[in-house]
Amino acid sequence: MLKLKSLDDFRTLQDRLRTGRDSDIPTIVIPAGTCGQASGASDIIRVAKREILAKELTGKVKLRITGCHGFCQIEPSVLIEPARTVYPNVGLKEMARIVEAVAKGEVLTDLLLKDPQTGEQIEKQDDLPFFSKQVRTLLDRNEKVDPIRVYNYLEHGGYSSLVKALDKRNPAWVIEQVKASGLRGRGGAGFPTGLKWEMLAKQPNGREKFLVCNADEGDPGAYMDRSVLEGNPHSIIEGMLIGAYGTGSKHGVIYVRNEYPLAIKHLIIALRQASELSLLGENILGTGFSFDIQIVRGAGAFVCGEETALIRSIEGKMGEPRQRPPFPIQKGIDGKPTAINNVETWANIPVIIDSEAEAFAKTGTKNNSGTKIFSLVGKIRNTGLVEVPMGITIEEIVYDIGGGPSGKAKIKAVQTGGPSGGCIPADKFDLAVDYDSLTEAGSIMGSGGMIVMDENTCMVDVAKYFMNFLKDESCGKCFTCRKGTQRMYEILDDISAGKGTPEHLDLLEELAVVVRDTTMCGLGQTAPNPVLSTLRYFRDEYLEHIENKRCPAGVCRELIHYSINENCVGCQACVKACPEGAITGEKKQPHTIDADKCIKCGACRSVCKFEAVDVT
Amino acid sequence: MINLVINGLNVSVEDGSTVLEAARFLGFSIPTLCHVDGLSPYGACRLCVVEIGEGPRAKLVSSCTYPAEEGLKVRTASARVIRARKMILELLLASCPQSKTIQDLAAAHDVRQQRFKQEYEDCILCGLCVRMCEEQMMAKAIGFRGRGEKRSIGTPFDIKSDVCRLCGACMYICPACQLRCTYNEPEKAICGACANLAPPCVEKDQFDDMMCYMDPCVACEIQKDK
């Protein structure tokens with residue numbers, strides 16, 4: 001590969017790439033992140049390649065394989081550029097037809113997505129409500145860039161922010177820009193990134209400094225960091241390079257969990273390409289600035305996302321936090337100053353430098369600038385990654401972008417911030433999504449998980465689920481986190497089994513407050529949030545479990561029982577489905593469930609087409 | 001010297017002191033389980049929490065690890081601190097009621113009952129034995145493994161460690177097993193920390209060379225019963 005010896009070399013290369021681009025040739029874009037591949041994108045890529053070769057369309061139709069575009073519901077999907085036609089849930093046969101149609105410049109109307117309300121067909125991606133309400137600063141690049149082709153990234157303005165920063169010959173300018181942009185850490189705590197960098201830059205001269213990209217994304221149901229890493233690894237590298245220039249760091253570490261093999265693969269490729277181009281390593285672009293990045297793989301402990309535990313893990317020690325102070329910025333990896341930022345934060349840096357701070361700060365609200373990617377999952381129609389400006393209301397995300405509930409039941413709450421976050425009830429959906437309002441409402445922004453729950457979700461069960469997760473993932477070093485989460489789980493388990501007493505509720509609350517107050521690290525301090533927020537907003541559900549021994553959502557097994565109502569037509573479907581043989585009844589006669597045999601698995605309810613199985 | 005305020009009193013302490021050292025030097029008692037002078041601070045038991053800062057920014061920190069800072073305002077026995085300490089003792093009693101140390105601490109803090117399901121665990125994972133072994137005995141024979149509720153202390157692969165000199169320091173320092181270490185049943189004799197120690201001696205003469213602190217010697221007691 002070409003070695004770039006100066007900033008001018010870089011500009012020449014980028015100009016050449018840009019002028020060489022022929023944007024009129026139709027391009028088939030296939031998103032193939034881990035999520036896309038899981039739903040069959042690899043197969044449709046093979047079909048597309050075969051068809052292009054077999055029909056001799058090389059040169060007439062281009063193919064681009066990218067990372068995840070965000071709309072999980074329609075994957076495997078295909079996007080046609082420049083028309084921006086989108087085909088959802090593409091099968092192998094459809095793919096062959098699409099290739100042919102693209103070559104002829106036609107649109108296959110029968111394959112288009114139908115609006116669920118109006119039944120109208122939607123052709124363009126930008127007309128889909130899921131996309132049109134978003135502000136896709138970061139995810140937009142996932143569509144444009146093939147993650148394993150660095151020239152593709154360069155063509156779309158890649159690394160020009162780095163060149164711009166290097167060209168200023170003033171590291172302080174970088175920090176000023178990041179400070180003025182108001183960017184806050186996207187990992188969850190929302191610490192101002194510019195301030196953190198300034199503190200790192202001010203560490204005594206001559207000390208080695210480290211920059212870390214925290215890609216240890218472990219929240220259940222959250223995958224925005226994975227998408228960015230897989231879809232656009234160069235943007236992380238560019239962000240880190242700019243950060244290194246601003247803060248005077250020489251070493252970078254990307255700490256990524258080993259459960260993300262595709263992300264690691266793309267990162268390794270990207271790092272190699274960047275060093276080959278002399279965008280990484282010694283004397284970058286002939287400016288005398290040097291920076292190197294290595295990948296460290298995490299072995300799958302949730303707590304290693306916590307800064308001090310992450311540092312210990314990088315050092316090769318057991319991944320457990322230590323008490324702060326000293327903060328990582330004073331004493332980090334091997335005792336050297338270290339600044340740790342989340343994947344999304346790093347991805348935002350090139351955007352800030354490119355558009356300059358003021359333009360960036362225009363998106364979002366005061367003190368909460370820019371966009372944030374959320375992974376919208378749960379009982380919602382459009383699941384996927386959504387990138388929205390800060391300060392948007394939950395209502396807009398859930399109903400306008402998410403399309404409302406997936407089933408008939410009404411949406412009851414959203415859970416933000418992963419296991420350490422809290423639940424926000426539906427009557428508070430006018431809440432603005434930013435760091436401060438979410439904290440005030442008893443939840444946290446977290447890394448961006450957003451789990452939607454409807455009336456079939458039991459809040460006691462939700463709190464119990466998260467507490468079970470946390471008691472396993474707590475490192476166990478500090479006593480109140482280890483025992484506190486275990487005991488909270490124990491009490492919640494009792495309540496959901498109908499063994500709860502009103503005293504249990506007081507004890508639970510008392511314990512939760514003490515755990516929040518006394519634990520060592522962020523994991524423990526936020527661990528009681530699921531309990532405290534559900535107690536705050538859904539106390540009546542807890543009381544229903546305790547006083548009336550009833551689970552209103554019909555989830556807690558010990559408190560529910562199944563029965564068959566008069567809708568039963570005697571179709572025998574449930575009789576066949578029941579694994580315990582608990583259902584009896586003649587054909588065309590109403591069936592009955594033997595409560596003694598019933599294990600409350602819900603199989604009968606899911607096969608019944610007549611809504612004849614009741615849960616009470 | 002660093003000037004700070006502890007419980008409303010203006011005091012000055014030497015540079016590099018922790019809040020716990022400062023408070024204890026001045027006679028304010030703060031209970032601890034995982035702290036012993038001469039071993040590095042660890043901050044695991046959380047009993048030593050104190051309140052620092054003011055108004056909405058007030059927070060609890062473990063005093064054994066928190067450095068004394070210029071102008072810091074510390075409250076060692078505010079309502080919030082006492083509430084937290086009592087709950088921690090309740091949790092400790094619920095898990096490890098047989099420890100004399102924990103019983104005494106609970107009594108001193110007026111914790112008369114605990115409201116959780118009673119467990120009988122041997123180890124509170126304070127890490128004193130691990131630090132003792134590493135920092136004072138220079139052996140590193142035992143360490144932590146597992147996480148969360150599966151966390152425990154032991155030698156690698158649960159086999160006798162080559163670097164263990166059977167000095168017994170781990171037993172000596174354990175705050176939870178004082179009572180049980182004079183136990184007569186080999187199975188229950190020792191807490192998780194020293195489960196992998198072979199009986200340190202068979203006869204008294206050898207025992208002197210091995211720097212064992214135990215009095216009476218656990219192993220001798222065990223041997224006697226056999």
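Quick caveat: nothing in here was measured; it's all calculated off a predicted structure. Keep in mind that the numbers below use all heavy atoms, side chains included, and drop hydrogens, waters and symmetry copies. Here is the naming used below: chain letters follow the sequence lines, and residue numbers restart at 1 for every chain.
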Give every donor-acceptor pair under 3.5 Å between a side-chain atom in residues 33-43 of chain B and any protein atom, sequence neighbours left out.
{"residue": "B:Ser40", "atom": "OG", "partner": "B:Glu135", "partner atom": "OE1", "Å": "3.4"}
{"residue": "B:Ser40", "atom": "OG", "partner": "B:Glu135", "partner atom": "OE2", "Å": "2.5"}
{"residue": "B:Tyr42", "atom": "OH", "partner": "B:Arg151", "partner atom": "NH2", "Å": "3.1"}

Please indicate whether A:Lys549 has more than 12 foreign heavy atoms, meaning atoms of other residues, nucleotides or ligands, lying under 6.0 Å from its NZ.
-> yes
More than 12 non-hydrogen atoms from neighbouring residues, nucleotides or ligands closer than 6.0 Å to CD on A:Glu440, yes or no?
-> no
Checked A:Gln323, A:Arg324, A:Lys477, A:Glu510 vs chain B; the most non-hydrogen pairs under 4.5 Å come from A:Lys477
Rounding to 0.5 Å, atoms CG (A:Leu511) and CZ (B:Phe116) come to a distance of 4.5 Å
So salt bridge (Lys or Arg N to Asp or Glu O under 4.0 Å) across residues 10-34 of chain B, not counting sequence neighbours, yields none
Do B:Arg46 side-chain atoms and A:Phe479 backbone N/O form a donor-acceptor pair below 3.5 Å?
-> no
Within residues 463-472 of chain A, which positions have a heavy-atom distance to chain B below 4.5 Å?
-> A:Lys471, A:Asp472
If one checks every heavy atom of B:Leu47 against chain A at 4.5 Å, the contacting part turns out to be neither
Scanning both residues in full, the closest heavy-atom pair of A:Lys483 with B:Glu119 reads NZ-OE1, 3.0 Å
Would you confirm whether A:Arg482, through its side chain, and B:Arg147, through its main-chain N or O, come within 3.5 Å as a donor-acceptor pair?
-> no
Measure A:Thr519 against the heavy atoms of chain B and call it side chain, backbone, both or neither at under 4.5 Å.
-> backbone
Verdict with supporting geometry, A:Asp517 and B:Val49, side chain to side chain contact (heavy atoms under 4.5 Å, CB included) | CA-CA 9 Å; A:Asp517 265 3; B:Val49 285; over 6 Å; no
Please flag which part of A:Gln486 lies under 4.5 Å from any non-hydrogen atom of chain B: side chain, backbone, both or neither.
-> side chain
B:Lys117 versus A:Asp494: any side-chain heavy-atom pair under 4.5 Å?
-> yes
Options B:Ile88, B:Val81, B:Leu92, B:Val61, ranked by heavy-atom pairs under 4.5 Å with chain A, top entry = B:Leu92
side-chain hydrogen bond (donor to acceptor under 3.5 Å, both in side chains): pairs with one or both residues in residues 82-92 of chain B, sequence neighbours excluded | B:Glu90-B:Arg115
Counting only heavy atoms closer than 4.5 Å, note whether A:Met520 contacts chain B via side chain, backbone, both or neither.
-> both
Neighbour count above 12 (heavy atom, 6.0 Å) for A:Phe191 CZ = yes
Select one option (side chain, backbone, both, neither) describing which atoms of A:Val513 are under 4.5 Å from chain B's heavy atoms.
-> side chain
